[in-house]
There are 2 protein chains.
Amino acid sequence: MPMDMTAEHTLPALQKRPRGRPRKSDEDRGDGNRRGELLRSAARLFRRKGFGGTSTRDIAAATGMRSGSPFYHFESKQALLYAVMDEGMRSAISKQAAAMQQAACPGAGSSRGLAPVAQLRALIRNHFDILLGHGNDFIPVMLYEARSITRSQRAALAHLQGEYEAPWIPVLESLREGGLLKADVKIARLLIFGALNWSVQWFDRRKGASLDELTEQAMQLFTGTS
Amino acid sequence: MPMDMTAEHTLPALQKRPRGRPRKSDEDRGDGNRRGELLRSAARLFRRKGFGGTSTRDIAAATGMRSGSPFYHFESKQALLYAVMDEGMRSAISKQAAAMQQAACPGAGSSRGLAPVAQLRALIRNHFDILLGHGNDFIPVMLYEARSITRSQRAALAHLQGEYEAPWIPVLESLREGGLLKADVKIARLLIFGALNWSVQWFDRRKGASLDELTEQAMQLFTGTS
DNA sequence: CCTACCGATCGGTAGG
DNA sequence: CCTACCGATCGGTAGG
């Protein structure tokens with residue numbers, strides 16, 4: 001094992017007393033509560049004012065902390081931004097998996113031709129929910145602040161994005177084969193994600209169409225069916 | 001003439017020596033050159049690092065100026081951002097008008113049914129050019145930094161955006177009536193602009209499809225024709 | 001997680 | 001457009 005760490009290995013395992021600042025051993029239990037609050041505040045502010053336009057003091061104040069305290073939970077402002085994006089992607093992936101499971105079951109016995117349409121509808125509807133459901137600032141931040149993380153952080157996120165996009169591909173291919181999708185699948189996917197992602201710029205929950213109506217219109221636009 | 005300026009008027013016209021700061025009377029001639037260079041540098045940096053992540057010193061350095069000099073041309077950093085967006089929109093509007101004029105002439109005598117398809121193609125092709133042509137950072141900045149300008153500045157830009165979008169509406173309505181566009185025109189317009197605008201996030205001039213191919217695929221996706 | 005603090009950088013200005 | 005500068009704010013840290 002190449003990792004030869006500190007002498008702590010040799011110490012008795014009972015409650016190693018942290019000198020200086022206590023180390024957090026697990027990230028999402030115990031006081032992971034405050035960490036979660038920080039993430040939510042940060043997501044909201046990063047979205048509203050941008051990464052460069054938000055100070056760590058803003059975030060601390062919005063969470064009810066003093067200016068230095070965010071750095072107990074996160075190494076740096078950038079690490080906080082990355083954590084927002086990472087959390088957003090993981091949550092999106094698990095929501096999408098749940099949505100697909102639901103969409104698969106009811107139509108299990110029905111006609112084989114209808115399946116890809118229903119699946120695309122489920123994917124789009126879920127995507128709108130992730131983008132536009134209230135309190136969902138994580139994904140918008142990820143979509144619009146990618147330039148503020150490092151190249152390797154971006155690579156890690158790209159991996160998660162690939163995971164998220166994976167279920168879309170066979171669905172789009174089925175539609176293409178069935179003649180309902182007229183464009184090249186790879187480019188169609190990019191254009192479709194663009195159309196959906198852009199909705200965070202104009203969608204107003206308080207007026208206009210519902211997410212269901214939006215989904216129907218998107219289905220009409222891309223496949224001519226609904 | 002309401003402009004009653006300084007006593008400089010009474011001095012001999014040879015090389016009026018500016019005390020304090022010389023006033024610029026016109027904005028885009030004479031040394032408007034440097035102003036334009038500032039705009040281009042600012043657009044590039046705002047796009048790459050965001051408004052909050054770019055310092056006025058960065059912009060000055062990229063233009064070959066000292067740190068205080070941008071403020072000779074612009075009241076504030078925000079005014080510089082707004083000028084980038086305003087210039088971007090005006091340029092886009094005039095480019096679009098030229099593209100539409102070209103698209104209208106050749107098909108003047110041809111079949112009436114083909115026109116809206118050709119017009120949408122011209123609009124989309126031109127839009128890709130505005131977004132993805134090299135050196136065109138102005139519109140991407142406008143698309144992704146809107147939150148960093150004031151409400152009234154946003155309102156002024158919205159007016160220009162309305163002007164830009166105007167020619168799209170009758171074209172989309174024709175296509176809808178002709179059965180080639182299946183979605184509601186208002187929502188379709190928003191989704192289509194999203195699909196196109198998002199391309200600034202993934203399009204790579206050095207590889208992949210050309211703008212012509214991209215346009216064809218977009219036409220296929222939205223109208224099923226090309 | 002708070003207190004107290006540091007060095008760096010920032011937007012902007014006076015004056016020429 | 002440069003020089004020289006200011007007050008404010010910023011990300012981050014030591015120490016408890």
Side-chain angles (χ1 to χ4, degrees), chain A residues 17-27 29-39 41-42 45-46 49-84 145 148-150, chain B residues 6-8 11 15-42 45-46 49-84 145 148-150:
Chain A
R17 213 77 297 297
R19 303 147 306 135
R21 55 186 77 166
R23 301 309 285 165
K24 287 192 64 214
S25 52
D26 63 84
E27 306 253 299
R29 264 192 285 267
D31 56 357
N33 218 349
R34 300 315 303 271
R35 189 187 134 103
E37 290 173 42
L38 268 173
L39 281 176
S41 302
L45 289 165
F46 286 155
K49 314 204 295 174
F51 178 70
T54 302
S55 71
T56 55
R57 281 164 169 79
D58 290 340
I59 298 167
T63 322
M65 289 175 176
R66 299 311 182 94
S67 69
S69 302
F71 298 98
Y72 168 74
H73 295 277
F74 297 94
E75 269 194 343
S76 65
K77 187 187 175 189
Q78 201 183 40
L80 181 44
L81 172 63
Y82 177 71
V84 166
E145 294 295 340
S148 297
I149 55 176
T150 67
Chain B
T6 69
E8 289 176 32
L11 293 176
Q15 290 283 23
K16 19 181 176 177
R17 226 349 34 276
R19 303 150 306 137
R21 55 187 77 167
R23 300 310 284 163
K24 289 193 62 212
S25 52
D26 64 84
E27 306 253 300
D28 17 18
R29 265 192 286 267
D31 57 355
N33 217 349
R34 301 315 302 273
R35 189 187 134 102
E37 290 172 40
L38 268 173
L39 281 176
R40 276 190 295 280
S41 302
L45 289 164
F46 287 155
K49 313 204 295 174
F51 178 71
T54 302
S55 72
T56 55
R57 280 164 170 82
D58 290 340
I59 298 167
T63 322
M65 289 177 178
R66 299 313 181 92
S67 68
S69 302
F71 298 98
Y72 168 75
H73 295 278
F74 298 94
E75 270 195 344
S76 64
K77 187 187 175 189
Q78 201 183 40
L80 181 44
L81 172 62
Y82 177 71
V84 166
E145 293 294 340
S148 297
I149 56 176
T150 68

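All values below were derived from every heavy atom in this structure, side-chain atoms included, with hydrogens, water molecules and symmetry-related copies excluded. Chain letters run A, B, ... following the sequence lines, proteins first and then strands; every chain starts at 1. Predicted, not measured: the structure shown is a model, and the values here were computed from it.
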From CZ of B/F71 across to P of D/dC5 the rounded distance in Å is 19 Å
Rounded to whole Å, the CZ-P distance (A/F74 to C/dC1) equals 11 Å
The correct set of residues in residues 58-66 of chain B placing a heavy atom under 4.0 Å from DNA chain C is none
> Distance check: side-chain N/O of B/S76 vs OP1/OP2 of C/dG11, anything under 4.0 Å?
Replying inline: no
Here the distance between atom C1' of C/dG11 and atom CG of B/L80, to the nearest Å, is 12 Å
Of C/dC1, C/dG12, D/dC10, the nucleotide closest to the side chain of A/H73 is C/dC1
Taking C/dC5, C/dG12, C/dC1 as options, the one with an atom nearest any side-chain atom of A/R34 is C/dC1
Each base of DNA chain C marked ( ) or [ ] if paired in-strand (Watson-Crick or G-U under 3.5 Å), | if paired to another strand and . if unpaired gives ||||||||||||||||
Hey, does the side chain of B/R34 reach the backbone of B/T63 with a donor-acceptor pair shorter than 3.5 angstrom? yes
Between A/F74 and A/A83 the two heavy atoms that sit nearest each other are CE2-CB, 3.6 Å
When rounded to whole Å, the CZ to P distance for the pair B/R57 and C/dT13 reads 13 Å
Between CZ of B/F46 and C1' of C/dG11 the distance, given in whole Å, is 12 Å
Exam field: side chain B/E145 to backbone B/L81, donor-acceptor pair closer than 3.5 Å:
no
ask   = Do A/D58 and A/K49 come close enough that some side-chain heavy atom pair is under 4.5 Å?
value = yes
* Side chain of B/K77, backbone of B/F51: donor and acceptor closer than 3.5 Å? -> yes
Of all heavy-atom pairs linking B/R66 and B/A60, the shortest is O-CB, 3.4 Å
When B/T56, B/L39, B/T54 are each screened for side chain to side chain contact (heavy atoms under 4.5 Å, CB included) with B/L80, the one that passes is B/L39
A/Y72 atom OH is separated from D/dT13 atom C1', nearest whole Å, by 16 Å
Ionic contact status for B/R40 with B/E37, cut-off 4.0 Å: no
B/L38 CG to D/dC2 P, in whole Å, measures 10 Å
Whole-Å distance, A/K49 NZ to D/dC10 C1', equals 13 Å
Which part of the nucleic acid does B/S69 contact within heavy-atom distance under 4.0 Å: base, sugar-phosphate only, or nothing? base
In short, A/S67 meets A/R57 closest at the heavy-atom pair CB-CG, 3.5 Å
